Amino acid sequence: MPYYAQVDNISLVVDTKAFAVVSIACKEHSLQKCLNAFLDQSVFELIPELSDYKKELSSIHSNDYCHLILETPICTLVINANAVHCPELNTPLALLHLTVPEPKTDCSFIYLLSRALESAHHGITIADARLPDCPIIYCNQAFSRLTGYSIPEILGKNCRFLQGSDTDQRGTQLLRIAISEAKECKTVLRNYKKNGEMFWNELTISPVFDGHGNITHFVGIQYDITDQMLVEGALKESEKRYRTLFETNVDGIAYYDLSGKCLDANETYCSMLGYSWEEVIDMNSDDITPPYWQKFDQRIRESQLDNILHCQEYEKELIKKNHTIFPVNIRQCLHLNQHGRPIAFWLLVRDISRQKETMEKLEHSRQLLDETGKLAKVGGWEMLDDQTIFFTHEAVKILGTGSEQTDLEEFRQLFIHEQSLLFRKSVEIAYEAGEPLDITLQMVRNDPKQYLRIQGHIKVNEEGKKALVGAIQDITETKVTQDKLLEHESHLKYLAHHDALTGLPNRLLYNDRAAHAIARAEREGHKVAVLLLDLDRFKVINDSLGHDIGDRFLKSIASRASMAIRDSDTFARLGGDEFVVLLEGIDDTQDVINVAQKLQSAISQPIQLESHNLHSSASIGIAMYPDDGERIDELLRCADAAMYRVKAQGKNSFQFYTKEINNRAVELLVLENDMHKAIKDQDFILYYQPQISLKDLSIVGVESLIRWHHPKKGMIPPADFIPLAEESGMIIEIGEWVLMESCRQAKEWLDKGYHFGRIAVNLSAKQFHRSNITQQVKAALESHQLPPEHLELEITESIAIENIDVTIETLKELKSLGIHLSIDDFGTGYSSLSYLKRFSIDKLKIDKSFVDDILIDDGGAAIATSTIALAHQMGLKVIAEGVETSDQCAFLQSHQCDEAQGYHISRPLNSSDTQTFFDQYNKQH
Ligand SMILES: Nc1nc2c(ncn2[C@@H]2O[C@@H]3COP(=O)(O)O[C@H]4[C@@H](O)[C@H](n5cnc6c(=O)[nH]c(N)nc65)O[C@@H]4COP(=O)(O)O[C@H]3[C@H]2O)c(=O)[nH]1
């Protein structure tokens with residue numbers, strides 16, 4: 001197909017609806033013919049490059065002008081198009097005038113220029129200054145790409161079409177002036193692409209003049225510098241930001257070169273040193289560094305440079321302009337150039353004078369706290385929210401853990417298990433209820449035991465977090481002392497409330513318990529029983545075998561009796577051999593009887609102490625609350641009266657308090673009064689019981705036995721008033737009278753010619769030990785002129801054994817008077833042979849209880865016979881008392897008992913009857 005481009009200056013009229021070539025006009029007639037062959041063909045078949053301009057071509061109206069430069073593979077085609085009207089065809093037509101400016105060849109300069117323009121990255125436009133509004137008549141592809149518009153959209157327009165409402169008026173003004181003055185101008189404008197996107201357009205326009213100097217065109221070179229603008233903007237922003245940071249930083253910032261010269265510094269740095277910026281600049285770092293820090297400074301710099309350490313932090317001192325030295329914290333960073341080579345140092349300098357001062361004060365306070373803590377042995381601790389615990393030095397020392405930090409669980413392990421649980425609970429309470437913590441804990445290690453007092457309270461810090469803060473104190477010493485004191489106190493309390501010998505409650509504790517028991521019984525409607533217990537033969541055991549045995553005996557009795565009662569009952573020792581049992585919650589008297597029987601059975605069991613087989617029994621008096629009394633003392637008194645009744649009735653029994661007993665007690669009281677009167681009124685008389693020799697049956701003596709001839713009650717036997725007289729001390733007076741009267745009577749009988757041997761007088765314990773008995777005896781003998789060999793004093797075994805050394809002395813003195821001495825009731829005590837030997841006695845009197853038994857059991861006979869043998873071995877005589885039968889008399893006779901006394905021979909007789917007895921007996925024998 002012949003190519004249109006081979007011809008020049010061709011005009012094509014194109015139907016803009018169908019784009020069919022309507023007519024072709026060509027200057028060269030030779031060509032016209034052949035070109036006519038293309039009539040009615042599509043213009044795009046002839047010039048394919050025109051396809052891009054299809055829209056523009058179809059919209060060309062009259063007076064519209066369109067200028068196109070099309071690059072074809074063969075040539076550059078310049079097309080000027082305008083609208084024409086053809087009335088015959090009645091269709092819009094476009095007149096396309098095609099020219100080929102220059103044949104397209106490789107070496108064509110125009111071609112090269114056009115190639116350069118098209119391959120340029122800058123947008124290039126040419127505007128025709130001769131046409132109105134200076135339309136763009138050329139733009140390259142780069143401009144099309146830059147703006148997003150197609151070339152046909154661009155051509156014919158003024159460059160203003162890229163502007164927006166916010167395009168800088170100053171820039172456009174510059175442009176307008178340059179255009180009006182036909183000058184070159186370079187500016188940057190805010191332009192908009194076809195899609196509305198803004199871009200920064202760096203625009204350079206240059207005017208083109210014709211040969212007459214008239215301006216014909218403007219060439220515009222445009223470049224999108226948006227990215228560059230953004231980077232620059234960001235850079236500026238960053239610079240500004242950092243500058244602000246630099247200028248307004250609270251820390252000093254300085255920039256030093258590698259030689260130590262200051263290149264820049266901020267306001268803070270300058271004022272920190274007291275210099276102006278101008279003074280600081282060019283100053284060397286050594287100028288503001290004390291000499292003793294300069295080497296250090298040097299080393300830091302060198303090590304940073306050698307090792308390319310980007311940043312280093314250290315503390316040093318600086319000198320102010322006013323020469324004061326102050327501490328600073330410095331963060332020194334290397335500034336590297338783009339090749340990574342150090343070129344300077346950045347210094348971030350902070351004045352830490354205050355901080356140091358605070359730290360020093362804190363350290364001082366801490367040291368003070370440590371010192372006082374050490375003195376007071378008080379450590380500090382703090383537990384944070386996460387249960388981490390911190391300790392002071394002293395606390396670490398106290399705990400002995402060696403660590404200043406631990407956690408709650410680990411800390412708890414230091415204490416014994418139950419207490420560690422208690423501690424955790426206390427911590428929880430402190431956190432939850434805000435209650436202060438104060439607890440004493442014993443540490444796990446036991447040797448020696450260690451006790452800590454841990455106190456703490458909740459503290460809330462500025463962030464609202466809770467911490468438990470407090471003190472740890474080693475209170476081992478205090479605790480041990482306290483424990484000892486408590487122990488001591490409780491021991492004292494125990495001693496004050498318990499009997500030292502038996503460990504039983506004493507009277508004080510008994511009174512306390514009795515008061516409680518009475519109060520409880522009153523509330524609950526029960527009864528209380530008070531059992532007063534007296535050991536029947538304790539005195540004898542104690543006196544004869546000594547206090548040691550006596551004490552051991554009491555202990556044994558106490559432990560046995562304790563076992564006979566319930567734990568809830570009280571068994572107390574009131575003193576001596578007197579005990580009391582308090583039974584609570586009693587509803588039935590039978591229960592009390594059961595207890596009394598159990599007690600008696602327990603006590604009556606023989607007790608083996610060393611070689612002694614000891615027997616005892618108890619006399620028990622019982623009083624009941626509320627029947628017999630409502631007060632403690634009242635009840636005890638009643639029990640005591642009942643107990644005396646038991647004693648009076650033969651011991652080893654129990655007795656409930658009754659009205660009659662009370663009457664009896666009253667009676668005894670009256671009796672005691674009467675006794676005083678009886679001495680004055682001479683209501684006492686003596687009876688005499690004869691004693692005979694079992695060898696020749698001759699009378700060898702009489703025993704004086706007192707009787708009370710009461711004006712109202714008649715004859716009262718000694719058993720009814722002697723114990724009372726002993727108790728009240730009146731026995732001394734009575735005994736003195738008996739001694740005198742006996743001597744008087746004896747002398748009278750002697751004077752009357754009666755050979756009765758000796759008159760035997762009973763001495764009571766009090767009379768023997770508490771009065772000057774030797775003087776009394778001497779006085780009685782002398783006052784009645786009785787030869788001493790006619791007087792015999794009977795002292796019981798228990799009297800003799802009591803205070804044995806004194807007894808021996810007293811007996812010696814008495815003996816030296818020339819009188820006879822005998823031991824009464826022999827066998828009932830526990831006299832040891834060695835004692836007997838030391839006593840200056842003449843005779844032993846076998847007690848009636850043994851005489852009673854001599855024919856009944858072997859034991860009684862054995863005691864009697866061995867007493868006789870023993871006495872004879874020691875050169876003593878033996879008399880048996882209470883001999884009631886001839887068989888007893890015969891037995892004693894056959895066992896060489898020296899003398900006898902008893903109803904079998906004679907009952908005690910008054911003075912005149914005694915005389916009659918002498919007369920009759922002497923006649924019979
Ligand atoms: N069942 C029975 N009894 C017999 C028999 N033979 C003598 N007796 C009683 O046994 C007691 C013997 O006196 P005792 O052992 O010294 O025991 C005396 C003595 O310890 C004391 N006593 C009597 N008179 C005095 C006195 O003047 N001074 C002192 N301190 N005590 C005296 O009173 C105790 C009792 O004296 P008594 O009632 O006079 O009782 C007397 C006497 O009456 C007998 O065969 N069968």
Side-chain angles (χ1 to χ4, degrees), residues 532-544 574-579 616-621 636-655 657 660-679 683-687 689 703-710 713-739 761-771 773 793-802 824-825 828-829 845 847-849 881-882 908:
L532 191 70
L533 220 132
D534 190 273
L535 299 180
D536 292 332
R537 281 165 49 79
F538 173 69
K539 191 165 165 41
V540 174
I541 293 169
N542 195 41
D543 291 348
S544 52
L574 299 183
D577 58 350
E578 204 172 51
F579 298 87
S616 184
S617 57
S619 296
I620 304 174
L636 259 186
R637 218 173 27 249
C638 292
D640 190 55
M643 194 266 288
Y644 266 100
R645 168 57 68 89
V646 178
K647 289 259 183 219
Q649 289 178 342
K651 308 177 176 176
N652 192 18
S653 182
F654 63 87
Q655 169 74 56
Y657 175 79
E660 295 74 57
I661 289 175
N662 185 39
N663 296 342
R664 168 82 182 140
V666 173
E667 238 175 68
L668 286 175
L669 208 66
V670 173
L671 209 65
E672 200 180 317
N673 273 333
D674 290 354
M675 247 192 298
H676 287 285
K677 234 171 122 234
I679 294 172
D683 288 341
F684 290 116
I685 48 168
L686 288 182
Y687 270 48
Q689 188 172 33
E703 182 182 0
S704 297
L705 295 163
I706 195 166
R707 299 288 181 266
W708 182 5
H709 199 272
H710 195 277
K713 294 178 183 145
M715 200 65 82
I716 303 176
D720 286 1
F721 66 88
I722 289 288
L724 199 68
E726 277 187 333
E727 218 175 298
S728 63
M730 280 181 61
I731 192 72
I732 293 175
E733 209 178 331
I734 294 171
E736 209 173 337
W737 174 82
V738 172
L739 192 62
V761 176
N762 287 293
L763 289 187
S764 84
K766 276 190 182 153
Q767 199 180 356
F768 185 79
H769 288 296
R770 295 198 199 156
S771 63
I773 188 66
L793 296 182
E794 283 188 19
I795 56 166
T796 59
E797 201 180 353
S798 51
I799 293 174
I801 286 161
E802 198 179 321
D824 198 2
D825 307 334
T828 55
K845 196 173 199 179
D847 190 64
K848 178 180 179 296
S849 56
E881 75 172 352

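Computed from a predicted model, the values in this text were never measured in an experiment.
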Do Met715 and Tyr687 have side chains that approach each other closer than 4.5 Å (heavy atoms only, starting at C-beta)? yes
- [ ] Test side chain to side chain contact (heavy atoms under 4.5 Å, CB included) on Glu881 and Asp825 and set out the steps.
- [x] CA-CA 8 Å; Glu881 75 172 352; Asp825 307 334; 3.4 Å; yes
Distance col, row Lys713:NZ vs Asp683:CG, nearest 0.5 angstrom, shows 12.0 Å
Q. Is Lys677 atom NZ crowded by more than 12 heavy atoms from other residues, nucleotides or ligands, each under 6.0 Å away?
A. no
For Ala642 and Ile661 the tightest heavy-atom approach is N-CG2, 3.7 Å
Inset, instruction - Determine whether Trp708 and Asp720 make a side-chain contact, defined as any pair of heavy atoms from C-beta on separated by less than 4.5 Å. - result: no
Validation row: Phe721, Ile706 side chains within 4.5 angstrom (heavy atoms) = yes
Applying side chain to side chain donor-acceptor pair (under 3.5 Å) to Glu703 and not counting sequence neighbours gives Asn762, Lys845, Gln901
Heavy atoms of Pro723 and Pro718 approach each other most closely as CD-O, 3.7 Å
(message) Using side-chain heavy atoms (C-beta onward) and a distance below 4.5 Å, is Ile773 in contact with Gln767?
(response) yes
For Ser704, the side chain to side chain donor-acceptor pair (under 3.5 Å) test, sequence neighbours excluded, returns Ser742
Those residues at least two apart in sequence (or on a different chain) that pass side chain to side chain donor-acceptor pair (under 3.5 Å) with Asp674 are His710
Sorted by chain and residue number, the salt bridge (charged side-chain N to carboxylate O under 4.0 Å, His left out) partners of Asp534 (sequence neighbours excluded) come out as Lys647
*Evaluate side chain to side chain contact (heavy atoms under 4.5 Å, CB included) for Ile734 paired with Phe684, printing each intermediate quantity in order.*
CA-CA 9 Å; Ile734 294 171; Phe684 290 116; 4.0 Å; yes
In this structure, CD1 of Ile722 is separated from OG of Ser764 (nearest 0.5 Å) by 7.5 Å
Heavy-atom side-chain proximity of Pro908 to Arg707 below 4.5 angstrom: yes
Residue set satisfying side chain to side chain donor-acceptor pair (under 3.5 Å) with Ser617, at least two apart, ordered chain then number -> Asp536
Interatomic distance, CE@Met730 vs NZ@Lys766, rounded to 0.5 Å, equals 11.5 Å
Interatomic distance, CG@Asp824 vs NZ@Lys848, rounded to 0.5 Å, equals 13.0 Å
Could you check whether atom CD of Glu578 has more than 12 heavy atoms from other residues, nucleotides or ligands sitting under 6.0 Å from it? yes
One should read off an interatomic distance between Ile541 CD1 and Ser616 OG, to the nearest 0.5 angstrom, of 5.0 Å
Legend entry - Intermediate values then yes/no, side chain to side chain contact (heavy atoms under 4.5 Å, CB included), Leu763 and Glu794: CA-CA 6 Å; Leu763 289 187; Glu794 283 188 19; over 6 Å; no
Rounded to the nearest 0.5 Å, the OH atom of Tyr644 sits from the OG atom of Ser619 at a distance of 10.0 Å
For Phe768, the ring pair (Phe, Tyr, Trp, His ring centres under 6.0 Å) test, sequence neighbours excluded, returns none
Original post:
Should Leu686 and Trp737 be marked as a side chain to side chain contact (heavy atoms under 4.5 Å, CB included) after you check the CA-CA gap, both sets of side-chain angles, and the distance that decides it?
Top reply: CA-CA 10 Å; Leu686 288 182; Trp737 174 82; 3.9 Å; yes
All heavy atoms of Leu535 vs all of Asp577, minimum pair found to be O-OD2, 3.0 Å
Of all heavy-atom pairs linking Glu726 and Ala765, the shortest is OE2-N, 4.0 Å
